[in-house]
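Beneath this line is the structure, given in structure tokens, with notes to follow.
Just so it is clear: chains get the letters A, B, ... in the order the sequence lines come, proteins before strands, and each one is counted from 1. Side chains included, hydrogens not; waters and symmetry mates left out as well; all remaining heavy atoms used.
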2 protein chains.
Amino acid sequence: MSATVEELSPRAREVVAAARELLEAEGAEAFTMRHVADRLGVRAPSLYKHVPDKETLEAAIIAEGLAESAERFEAAVVADRRRPLRALAAAYRAFALEHPHLYRLMTERPLRRDLLPPDVEERAAAPLVEAAGSVDRARAVWAFAHGMTILELNGRFPPDADVERAWREGIRAFEPPR
Amino acid sequence: MSATVEELSPRAREVVAAARELLEAEGAEAFTMRHVADRLGVRAPSLYKHVPDKETLEAAIIAEGLAESAERFEAAVVADRRRPLRALAAAYRAFALEHPHLYRLMTERPLRRDLLPPDVEERAAAPLVEAAGSVDRARAVWAFAHGMTILELNGRFPPDADVERAWREGIRAFEPPR
DNA sequence: GTCTATAGTGGGATAGAC
DNA sequence: GTCTATCCCACTATAGAC
């Protein structure tokens with residue numbers, strides 16, 4: 001019975017939009033069904049007429065995030081064909097820092113692939129796989145980028161750390177020697 | 001008023017031990033003051049006579065985790081002097097997979113350095129800084145290792161992903177050419 | 001499509017008696 | 001050092017009327 005994003009009713013899409021705004025503005029702790037309902041001027045139980053449960057709502061938001069980041073990655077490699085890895089790293093970091101709460105939601109749990117449109121995940125990954133030269137290398141680069149990003153978002157680097165330099169060191173390590 | 005681990009009373013240390021056992025066995029959601037109390041055969045409010053609050057309890061557990069991982073990193077570089085980065089990566093991953101819930105606690109939030117013994121963090125980092133050749137490179141390698149680890153723990157790699165190969169690709173990228 | 005009412009579950013923390 | 005009682009908070013989800 002699990003509906004994919006595209007199969008949602010118009011009213012359900014409004015629920016998704018409100019939920020995403022709430023998440024992005026106030027973070028995961030504030031992301032409750034009550035608060036989503038508040039944004040729509042409605043009571044929480046009413047949401048369940050449109051969306052089966054909270055997980056489906058989250059999956060719909062994640063699908064949007066994947067689609068949007070795919071677009072940005074595609075644009076990044078087009079804009080800098082000579083150093084695609086560096087361009088992708090910059091685009092990746094920028095997206096995450098612009099949407100920290102969404103980014104966390106997208107990475108902190110197993111993907112409910114059964115609730116996502118068929119190819120979003122692959123499309124988001126494609127530019128990096130291309131730039132890295134193999135899936136395995138792409139996963140290593142992704143791990144580096146995610147590690148940098150999430151450690152920064154988590155405030156885990158020491159206060160005096162030079163995050164930019166660490167990014168540069170990682171990119172240099174993965175880029176082919178020029 | 002914030003006490004460091006060493007300043008805890010004997011009874012408080014028992015509370016920390018019970019809390020850690022609980023966390024490691026049942027995960028962060030199960031890690032509540034009520035459940036910690038259950039483990040000790042006591043009511044939750046009694047804990048507050050020994051530990052000021054939950055955050056201090058968490059900091060004490062994190063301090064243990066940092067000290068133990070420091071020991072393992074030190075042993076790893078001694079055991080394989082020719083490829084310290086590979087040895088450290090293996091030790092890092094092993095520690096995280098053996099203590100997944102502890103590992104999450106140690107990385108998912110800003111370190112409360114004010115609640116930790118003075119040099120634990122630096123000691124845990126030292127072997128990698130040495131092996132990587134600079135702090136910035138060390139942070140890049142750490143990000144890669146953390147990214148691999150947490151994406152694996154989060155179940156975020158596709159089901160068919162070959163995690164070992166990705167690890168090898170990352171280590172190869174950061175190791176000096178031989 | 002929305003409501004009220006409510007079930008059921010859980011959390012951290014404090015006051016004050018023993 | 002431990003207790004009971006309690007405060008106050010939060011959540012997801014359902015039943016059934018309108």
Side-chain angles (χ1 to χ4, degrees), chain A residues 1-3 5 7-62 101-102 104-105 108-110 112 114-115, chain B residues 1-3 5 7-62 101-102 104-105 108-110 112 114-115:
Chain A
M1 303 305 94
S2 46
V5 204
E7 297 157 3
L8 296 175
S9 72
R11 185 58 170 154
R13 286 170 185 271
E14 292 177 24
V15 174
V16 174
R20 178 174 173 178
E21 282 169 29
L22 172 65
L23 171 71
E24 298 228 38
E26 305 185 37
E29 331 79 64
F31 178 18
T32 69
M33 296 303 268
R34 278 155 154 77
H35 287 161
V36 173
D38 286 348
R39 289 223 158 207
L40 292 166
V42 139
R43 303 288 177 177
S46 306
L47 302 177
Y48 292 91
K49 296 288 183 185
H50 310 288
V51 165
D53 53 30
K54 205 188 175 192
E55 261 204 295
T56 304
L57 194 47
E58 291 168 345
I61 297 172
I62 289 169
H101 300 300
L102 172 58
R104 281 182 198 280
L105 183 66
E108 80 193 355
R109 287 181 288 164
R112 286 296 305 271
D114 56 323
L115 299 180
Chain B
M1 306 302 97
S2 45
V5 204
E7 296 156 3
L8 297 175
S9 72
R11 185 55 170 155
R13 285 170 185 272
E14 293 177 24
V15 173
V16 173
R20 176 173 175 180
E21 282 169 30
L22 172 64
L23 171 71
E24 298 228 38
E26 304 186 36
E29 331 78 67
F31 177 18
T32 70
M33 296 302 270
R34 279 155 153 81
H35 287 160
V36 173
D38 286 349
R39 287 224 158 206
L40 292 165
V42 137
R43 302 289 178 179
S46 306
L47 302 177
Y48 292 90
K49 298 288 184 185
H50 310 289
V51 165
D53 52 30
K54 204 188 177 194
E55 262 205 293
T56 304
L57 194 47
E58 291 167 345
I61 297 171
I62 289 168
H101 300 299
L102 172 58
R104 281 182 197 281
L105 183 66
E108 81 193 353
R109 287 180 288 163
R112 288 295 306 269
D114 55 322
L115 300 180

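Using a 4.0 Å cut-off between charged nitrogen and carboxylate oxygen, E58(A) and R109(A) count as a salt-bridge pair.
For the pair T56(B) and R112(B), the minimum side-chain heavy-atom distance is 4.5 Å or more.
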Just by protein heavy atoms under 4.0 Å, how would nucleotides 11-17 of chain C read 5' to 3' in B, S and -?
-> BBBB---
Full working for salt bridge (Lys or Arg N to Asp or Glu O under 4.0 Å) between R39(A) and E26(A) | CA-CA 12 Å; R39(A) 289 223 158 207; E26(A) 305 185 37; 3.6 Å; yes
Where do L47(B) and L40(B) land on the side-chain contact (heavy atoms from CB on, under 4.5 Å) test, with the steps shown first?
-> CA-CA 10 Å; L47(B) 302 177; L40(B) 292 165; 4.0 Å; yes
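Side chain of H35(A) to backbone of A30(A): a donor-acceptor contact under 3.5 angstrom is found. Between the side chain of D38(B) and the main chain of G41(B), no donor-acceptor pair closer than 3.5 Å is present.
For S46(A), counting side-chain heavy atoms from C-beta on, the closest listed nucleotide (dG1(D), dC3(C), dG1(C)) is dC3(C).
Atom CD in E58(A) sits roughly 14 Å away from atom P in dC11(D) (whole-Å rounding). At whole-Å resolution of the value, CG in L40(B) and P in dG1(D) are 12 Å apart. Straight-line distance from the CZ atom of R13(A) to the P atom of dG1(C): 14 Å, rounded to whole Å. Put simply, CG on D38(B) is 11 Å from P on dG10(C), counting in whole angstrom units.
The stretch residues 17-26 of chain B has no heavy atom under 4.0 Å from DNA chain C, so no residue of it qualifies as close.
Atoms CD1 and CD, from I61(B) and E24(B) in turn, are 8.5 Å apart once rounded to the nearest 0.5 Å.
For the pair K54(A) and Y48(A), the cation-pi criterion (under 6.0 Å, within 45° of the ring axis) is not fulfilled.
Listed pair R11(A) / dT2(C) meets the phosphate criterion, a side-chain N or O lying under 4.0 Å from OP1 or OP2.
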